[in-house]
Amino acid sequence: MNKIIGAGLLLISQLAFSQVVSSMPPDTVDKTMIKSFAPTGILRVGINLGNPVLAGSSDKTAPQPKGVTIDIAKEIARQIQLPIEFVSFQTAGETVEALKVGTLDLIFVAIDPVRGADISYTPAYIQIEGAYMVKASSPLRKNEEVDVAGNEIVVGKGSAYDLYLTREIKHATLLRSASSQTVVDDFMKGKGNVAAGVKQQLESDAQRYEGLRILPGRFMVINQAIGVPKSRPEFEKTTAFLTKVIAGLKTSGFISESMKQHGIHGAKVAE
């Protein structure tokens, strides 16, 4: 009986989500802008599987990405009436590099001034918290106690947290793991005495190991946005178009409904 009720609620939720999507007709957009935005005639979208808030895959042998960013990308493709191609990566840094060399047209990435030299951002669509994790036996109790000489913080190389902490940490040492997914594994193997990352990722990793705790609060808020390459001739018009799309998806409830559909907790729709 509970399964039947649950299935019914899921169906209702899915129908509501589809109605939100279908309620937004395609905009009339500048064909010159579209040619600059997606020069191959296919919208090539980079998906970062390293951030569980944004995207994931149910089958690692033949990954079919799903998540909030997938839903947003499909809606963008619908509005410019182009086919879409998803290219999956394990880190945000990899999507950034692919965008720079021109093999992607659009990525979902944290707003960061370093990356901003090459990337044009829309306003944020989701806000995510960055947190610290320590061993249960650690004397550290507050975020403010982390940036002290002698502490070693493990962080995913090239992640938004790496870029932020590189600027902000003055006394502790940063130790870089290959990706956000490997941070806690390296930490449990003896690397560093603090792990840093997306709070949801750390909470998930804490279920695989015993004797871990997350420090209260957060050390940063990550504003996730859409990024397009500044190297394209019409990138300003593209950014303006995508800014309009994101504003519509936020106010219509599209993004909040997508988060609900994918079971995303601990993040919120950006204001």
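Smallest separation of non-hydrogen atoms from Ala92 and Arg115: CB-NH2, 3.9 Å. Between Ile84 and Ala73, the shortest heavy-atom distance links the atoms CD1-O, 3.5 Å. Contact record, Ala267 with Ile128: CB-CG1, 4.3 Å, taken as the closest heavy-atom pair. Contact between Asn151 and Val146 at its shortest, heavy atoms only, is ND2-O, 2.8 Å. Of all heavy-atom pairs spanning Arg232 and Leu104, the tightest one is NH2-O, 3.2 Å. Counting all heavy atoms, side chain and backbone alike, Ala55 lies closest to Thr69 at CB-OG1, 3.5 Å.
Test Asn48, Thr122, Ile126, Ile72 against Phe108 for side-chain contact (heavy atoms from CB on, under 4.5 Å) and you get one pass: Ile72. Considering Thr243, Val109, Thr239, Ile226 as possible partners of Tyr121, the one that fulfils the side-chain contact (heavy atoms from CB on, under 4.5 Å) test is Val109.
A heavy-atom distance below 4.5 Å is found between the side chains of Ile47 and Ile70. Using a 4.5 Å heavy-atom threshold, the side chains of Leu242 and Lys244 count as separate. You'll find the side chain of Val148 stays beyond 4.5 Å of the side chain of His171, heavy atoms only. Between Glu257 and Asp71 the shortest side-chain heavy-atom distance does not fall below 4.5 Å. Side-chain contact between Ile222 and Met220: present, with at least one pair of heavy atoms (C-beta onward) separated by less than 4.5 Å. Using a 4.5 Å heavy-atom threshold, the side chains of Val154 and Val194 count as separate. Residues Leu49 and Pro65 have side chains in contact (heavy-atom distance under 4.5 Å, counting atoms from C-beta outward).
Salt bridge Glu129/Lys199: present, at least one basic N to carboxylate O contact under 4.0 Å. The pair Lys100-Asp118 meets the salt-bridge criterion, with a side-chain N (NZ, NE, NH1 or NH2) lying under 4.0 Å from an Asp/Glu carboxylate O. At a threshold of 4.0 Å, the pair Lys170-Asp147 does not count as salt-bridged, since none of the basic side-chain nitrogens sits closer than that to a carboxylate oxygen.
Between the side chains of Gln207 and Glu203, no donor-acceptor pair of N or O atoms lies under 3.5 Å. For the 3.5 Å distance criterion, the side chains of Gln201 and Gln181 fail to qualify, holding no donor opposite an acceptor. Side-chain atoms of Arg176 and Ser159 include no donor-acceptor pair closer than 3.5 Å.
The side-chain tip of Lys142 does not point at the ring of Tyr132 from less than 6.0 angstrom away and within 45° of straight on.
Cluster annotation: Phe37 and Ile119 are assigned to distinct hydrophobic clusters (Ile/Leu/Val/Met/Phe/Trp/Tyr, side-chain heavy-atom contacts under 4.5 Å, transitive).
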